[in-house]
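Report on the following structure.
Numbered from 1 within each chain, the chains take letters A, B, ... in sequence-line order.
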Number of protein chains: 2
Amino acid sequence: MSETDTPMVENLEHELRAEGVRITRQRVAILSALANSSDHPSAEEVLERSRKQDSSVSLATVYRTLSILEGRGTILRNEFDGTGARFELANKPHHDHLIDVDTGDVIEFTSPRIEELQAEIARELGYDIVHHRLELYGKVRHQD
Amino acid sequence: MSETDTPMVENLEHELRAEGVRITRQRVAILSALANSSDHPSAEEVLERSRKQDSSVSLATVYRTLSILEGRGTILRNEFDGTGARFELANKPHHDHLIDVDTGDVIEFTSPRIEELQAEIARELGYDIVHHRLELYGKVRHQD
DNA sequence: AATGCACTTGCGAATTATTTGCAACAAGGT
DNA sequence: ACCTTGTTGCAAATAATTCGCAAGTGCATT
Ligand SMILES: [Mn+2]
Ligand SMILES: [Mn+2]
Ligand SMILES: [Zn+2]
Ligand SMILES: [Zn+2]
């Protein structure tokens, strides 16, 4: 546990340790990278950011750690059009994404009404939703 | 134009020819495979089905043709979780998908209400929607 | 603090899905 | 039938992610 660990990272470390996951230098670096990001970094970007704290982190370890974290529900894996997977901590309330097709910017939004309708549709079809993906791809509205 | 061409395939051939796209044996086979499919085949599956009509079709040509068709809006490319891309003709009204996570079955559905809400959300964020992806992943509802 | 073993890691090779270079081939206008 | 130019099959190239393995390291225990 590095002395530069934020309380959020320490919390994650405790949770993981409680489940028998070993806390290694590289895992702390990866957790910090995720905790300090407010965007949706790719595996490569998580690698770069992690290396600022521990230059020994490898891409394979980033992928292995991201898999563990995803399996535990600690992070979410997004597969937007085109690029590889993008990640984010799962500690905020559920939301969906609007991707600016020109800039790649990702905007988060929530719609309780859409969530309800989804559940209703699934119910009518005889299903329970396990998870869902709602992505809007758009361009800034123009009047030019 | 093979004499076993369905009217639907002939239509597609005409449209494509009108845009300067050459109608080759393999393209007819691929169009037929798509026109005769009511599911969401992968590129490999499109290859298999096309080969029943023209055994010379190669996977590279399937991918190249699918790209052309997607570019023209003739087909839609779906990227569901896990597997590679899955395709379908775009000649039916817009719909979204519910994927049975146990069987892989894909069920189509439409919700005018959700579509409206999406447009509204984008508008509030200052965007016009170019396209969107709504996928529900679910399990058959059980009471056992 | 030292020990030991199972879990982790870095590295490079393997995979999976898709794309591309290139020489041979074939639409389709003339 | 001919010619030009787009198209094809094949194999090699990419891109993103996973895996095998020998070396390294958490951390429970002494
Ligand atoms: Mn997000
Ligand atoms: Mn469909
Ligand atoms: Zn949602
Ligand atoms: Zn829709």
Span of DNA chain D in contact with chain B (heavy atoms, under 4.0 Å):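 With heavy atoms of chain B under 4.0 Å away, the range is D:dT5 to D:dC10.
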Nearest heavy-atom neighbours spanning B:Glu45 and B:Arg86: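 Distance-wise, the nearest heavy atoms are OE1-NH1, 3.3 Å.
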Qualifying residues under side chain to side chain donor-acceptor pair (under 3.5 Å), relative to [X], sequence neighbours excluded:
X: B:Glu116; result: B:Arg113
X: B:Ser67; result: none
X: A:Thr110; result: none
X: A:Thr74; result: A:Arg72

Cut-off 3.5 Å, no hydrogens considered: what does the side-chain donor-acceptor table look like for residues 20-27 of chain B, sequence neighbours left out?
residue: B:Thr24; atom: OG1; partner: B:Arg27; partner atom: N; Å: 3.1
residue: B:Arg25; atom: NH1; partner: B:Asp54; partner atom: OD2; Å: 3.3
residue: B:Arg27; atom: NH1; partner: B:Arg22; partner atom: O; Å: 2.9

Between the first and last five pairs of the helix from C:dA1-D:dT30 to C:dT30-D:dA1, the angle of the axes, rounded to 10 degrees: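 One end axis against the other gives 40°.
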Nucleotides 17-30 of chain C: protein proximity per nucleotide (B base, S sugar-phosphate only, - neither; heavy atom, under 4.0 Å): SBBBB-----BS--
Sugar-phosphate, base or nothing in reach of B:Ser42, heavy atoms under 4.0 Å: nothing
Pairs satisfying salt bridge (Lys or Arg N to Asp or Glu O under 4.0 Å), at least one member in residues 57-70 of chain B, at least two apart: B:Glu70-B:Arg77
Within residues 87-100 of chain A or reaching into it, pairs that qualify as salt bridge (Lys or Arg N to Asp or Glu O under 4.0 Å) - sequence neighbours excluded: A:Glu88-A:Lys92, A:Lys92-A:Glu108
Residues in side-chain contact (heavy atoms from CB on, under 4.5 Å) contact with A:Val9, at least two apart in sequence or another chain: A:Asp5, A:Thr6, A:Glu13, A:Val28, A:Leu31, A:Ser32, A:Ala35
Residues in ring pair (Phe, Tyr, Trp, His ring centres under 6.0 Å) contact with A:Tyr127, at least two apart in sequence or another chain: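 Expected list: none.
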